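Have a look at the structure below, then the notes.
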2 protein chains.
Amino acid sequence: MGRIKTDNNGSRKDVIVEKAAILFKEKGFKAASMRELAEVVGVEAASLYNHIKSKNELLHEICFNVANRFNHKLDELEAEEGNSLQKVEDLLRFHIDGMVHHFEEVFVCDREWKHLSEPYLSNFQNQRRSYRKRFAAIIEDGIKKKEIKKIDATTAVLIMLHAISGIESWHRSKQKIDGKELEENMIAILVGGLKK
Amino acid sequence: MGRIKTDNNGSRKDVIVEKAAILFKEKGFKAASMRELAEVVGVEAASLYNHIKSKNELLHEICFNVANRFNHKLDELEAEEGNSLQKVEDLLRFHIDGMVHHFEEVFVCDREWKHLSEPYLSNFQNQRRSYRKRFAAIIEDGIKKKEIKKIDATTAVLIMLHAISGIESWHRSKQKIDGKELEENMIAILVGGLKK
DNA sequence: AAAATACACTAACGGACGTTAGGTGAAAAG
DNA sequence: CTTTTCACCTAACGTCCGTTAGTGTATTTT
């Protein structure tokens, strides 16, 4: 077999991580084998280990790439001043966009993080908890300012995030509505549900 | 080791299926081993096969038990006459209740059905698709009757169902709000998002 | 009480898995 | 051109998996 083809800017490891995300999404982390991954990459299984340390490393890589992106977005958002409802909408759109355009990695991060090994697992769980608290704080702020109706902020966050992860079904469906239309519909329902 | 303890009304197989649901929820279907399951049940792994045919059978059992319950509820609901928004709310409450009180099996059905083996897999997928179409039809009916705001019904269903599966996070969280309160909050946001 | 059945055990099978060792040739560096 | 490094290969390792075979013992049925 030939060499792993790169995009000339990315490393061979990047290619492997990318293909791993697709495979893990399709089969689940545990059910996906390194031999399958190797075949997709176009190489023998053992050869993968010239570029990565372990199967687990692939999962870390995927999960923390995604987590970092979302954390960074939230940092930005918190720095801004302005309407809380608008901030929520902004964050929702970012999540929707991630789920639509970086589907595989976001999905894997969402669904397979349980299989992370320590100490990454604990680290990830802490980040996740903190992220949701910060998200909830924005909503609570909105409630205080009477921009958002009086609901349990934690529950609202839980609904928002999981509703968005439902875009998985959209990807699987045959007659997909347009991505932008999907976004507008989701915003209509979710933000609509927060308004007084 | 002794025999498997039954509830005197249920069979030993029921006990195994029940424990399997808990284990599959915690570890995922693929990551859960028959030896682990055996330990939880209080027996050697080989002994399980006096009661079940295979590991896969356990997954079928769990998934179709849950699917049947939901299909039956939808049958009832369709037979009724009345306000569409009320029907949606009723169905949502049924889903929420399932997720709160039959958490393990519903979760496994939701997240691990991919690992069903044929022909169960195709059967399950068909049932799932049909269920969602019927749910969407109720919403579309509500839109036609001006009881529900104009949105894409398929997207609405996707949001509702996934938002509810987010109750998983509620189960994992340390400071849980009361189950009934959770339900009311979810209904407030989700049904609120459908109102004009 | 005897016979049949149900349910547990131990032992072991074949196969798939993640991963390592060691070798080969091509590409990069000097 | 020579040397070094990189990226691949084949072969195989130890482990865990789902499952079967065969046996003994408790329970249920006759």
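Keep in mind the model is a prediction, meaning the values are calculated, not measured. In what follows, chains are A, B, ... by sequence order, proteins preceding strands, each numbered from 1.
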- Message: Among residues at least two apart in sequence or on other chains, which ones pass ring pair (Phe, Tyr, Trp, His ring centres under 6.0 Å) with A:F29?
- Response: A:F24, A:H115

- A:E44 has an atom CD; how far is it from atom C1' of C:dG22, in whole Å? 16 Å

- Query: Can you check whether B:S47 has a side-chain N or O nearer than 4.0 Å to OP1 or OP2 of C:dC9?
  - Reply: yes

- Message: How many whole angstroms separate atom CD of A:E39 from atom P of D:dC9?
- Response: 12 Å

- Which pairs count as ring-ring contact (aromatic ring centres under 6.0 Å, His included) when at least one residue sits in residues 168-195 of chain A, sequence neighbours excluded? A:F103-A:H171

- Could you state the NE2-P distance from B:H115 to D:dC17, rounded to the nearest angstrom? 16 Å

- What's the closest nucleotide to the B:H51 side chain, out of D:dC17, C:dA8, D:dA7? C:dA8

- Query: Could you state the CG-C1' distance from B:L58 to D:dT19, rounded to the nearest angstrom?
  - Reply: 13 Å

- Counting primed atoms, P, OP1 and OP2 as sugar-phosphate and everything else as base, the B/S/- map of nucleotides 20-26 of chain D against protein heavy atoms under 4.0 Å is B------

- Aromatic contact, B:H95 with B:F70 (centres under 6.0 Å): yes

- On DNA chain C, more 5' by nearest nucleotide between B:R35 and B:K5 is B:K5

- Go through C:dG18, D:dT19, D:dC9 for me and flag the one nearest to the A:K55 side chain. C:dG18

- Query: Taking DNA chain C as the partner, which of residues 12-31 of chain B come within under 4.0 angstrom of it by heavy atom?
  - Reply: B:R12

- Query: Do any pairs count as a side-chain hydrogen bond (donor to acceptor under 3.5 Å, both in side chains) and have a residue in residues 16-28 of chain A, sequence neighbours left out, and if so which ones?
  - Reply: A:K27-A:E36

- Message: Expressed as a whole number of angstroms, how long is the span from B:L59:CG to D:dG18:P?
- Response: 13 Å

- All salt bridge (charged side-chain N to carboxylate O under 4.0 Å, His left out) counterparts of A:R35, not counting sequence neighbours: none

- Item | Residue list, salt bridge (charged side-chain N to carboxylate O under 4.0 Å, His left out) with A:R111, at least two apart or on another chain | A:E168

- Item | Partner residues of A:D14 under the salt bridge (charged side-chain N to carboxylate O under 4.0 Å, His left out) criterion, sequence neighbours left out | none

- Salt bridge present between A:K73 and A:E78 (N-O < 4.0 angstrom): no

- Using the test side chain to side chain donor-acceptor pair (under 3.5 Å), find all partners of A:D110 that sit at least two apart in sequence or belong to another chain. none

- Query: If only side-chain N and O atoms of B:S33 are considered, is one of them under 4.0 Å from the OP1 or OP2 phosphate oxygen of D:dC17?
  - Reply: yes

- Query: Separation of B:L48 atom CG from C:dA8 atom P, in whole Å?
  - Reply: 9 Å

